[in-house]
J.: 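The following block contains the structure, expressed as structure tokens.
Residues take their numbers from the sequence shown, with the count starting at 1.
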Amino acid sequence: MSNFKFNPNDKQNGKVVYNAGIVNGIVALAVEEVEGTTLVSGKRRGISLFIEKDGIYADVSVIVRYGYNVPELAYRIQQSVKQNVETMTRYRVAKVDVHIQDVVFPAAPPTAPETSEDEESDSAEV
């Protein structure tokens, strides 16, 4: 497990150390804030983080519900991740890549077989 260190200037006596799981959790919460999306389930919950000198690079894989504008959702995810990570950790987010893995359609309600009036009148005469 890697640790992230934040020391804005050398005049401070201490340092703040963030565990990788903390930043991962912040990204997960940021994605959950966006309506119409769900993180891909799995070991990493569809999140990959890469820490470079110029900032954090995040890859986020999501499932989108049918009826939502995909480019708009991707933009909202990027903005949410950037705002939450930078606000809560003071790290700079360099890039957020959003991967749409699937679109989930609503379940169709079961329909009863329809009978026509002709069939009903034929069965009544017999």
J.: Would V31 end up clustered with V70 when hydrophobic side chains under 4.5 Å apart are linked, directly or stepwise?
T.: yes

J.: Spell out, yes or no, whether L39 and L29 are grouped together once hydrophobic residues are joined by side-chain heavy atoms under 4.5 Å, including indirect joins.
T.: no

J.: Run the side-chain contact (heavy atoms from CB on, under 4.5 Å) test against A74 and tell me which residues pass, sequence neighbours left out.
T.: V98

J.: Test of understanding: with side-chain contact (heavy atoms from CB on, under 4.5 Å), list the residues that count as partners of V104, not counting sequence neighbours.
T.: I63

J.: Sequence neighbours left out, what passes side-chain contact (heavy atoms from CB on, under 4.5 Å) with Y57? Give chain and number order.
T.: F50, E52, D54, A94, K95

J.: Could you state the interatomic distance from CG (D97) to CD1 (I77), rounded to the nearest 0.5 Å?
T.: 12.0 Å

J.: Is there a chain of hydrophobic side chains (I, L, V, M, F, W, Y, each step under 4.5 Å between heavy atoms) that links I47 to V40?
T.: no

J.: For the OH atom of Y18 and the CD1 atom of I56, what is their distance to the nearest 0.5 Å?
T.: 10.0 Å

J.: Suppose clustering is done on Ile, Leu, Val, Met, Phe, Trp and Tyr with side-chain heavy atoms closer than 4.5 Å. Which residues sit in the same group as Y66?
T.: V103, F105

J.: Taking salt bridge (charged side-chain N to carboxylate O under 4.0 Å, His left out) as the cut-off, I'd like each qualifying pair that reaches into residues 18-41, sequence neighbours left out, listed once.
T.: none

J.: Keeping the roles fixed (side chain from N84, backbone from S80), state whether a donor-acceptor pair exists under 3.5 Å.
T.: yes

J.: If you define the side chain from C-beta out and look only at heavy atoms, does anything of V64 sit under 4.5 Å from D102?
T.: no

J.: First locate atom CG of N24, then atom CZ of R45, and finally report the distance between them rounded to the nearest 0.5 Å.
T.: 5.5 Å

J.: Among V23, I26, I22, which one satisfies side chain to side chain contact (heavy atoms under 4.5 Å, CB included) with M88?
T.: I26

J.: Would you say Y75 has more than 12 foreign heavy atoms packed within less than 6.0 Å of its OH?
T.: no

J.: Any chance you could measure Q78, atom CD, to K82, atom NZ, to the nearest 0.5 Å?
T.: 10.5 Å

J.: Give every residue pair that meets the salt bridge (charged side-chain N to carboxylate O under 4.0 Å, His left out) criterion with at least one member in residues 55-72, sequence neighbours excluded.
T.: E72-R76

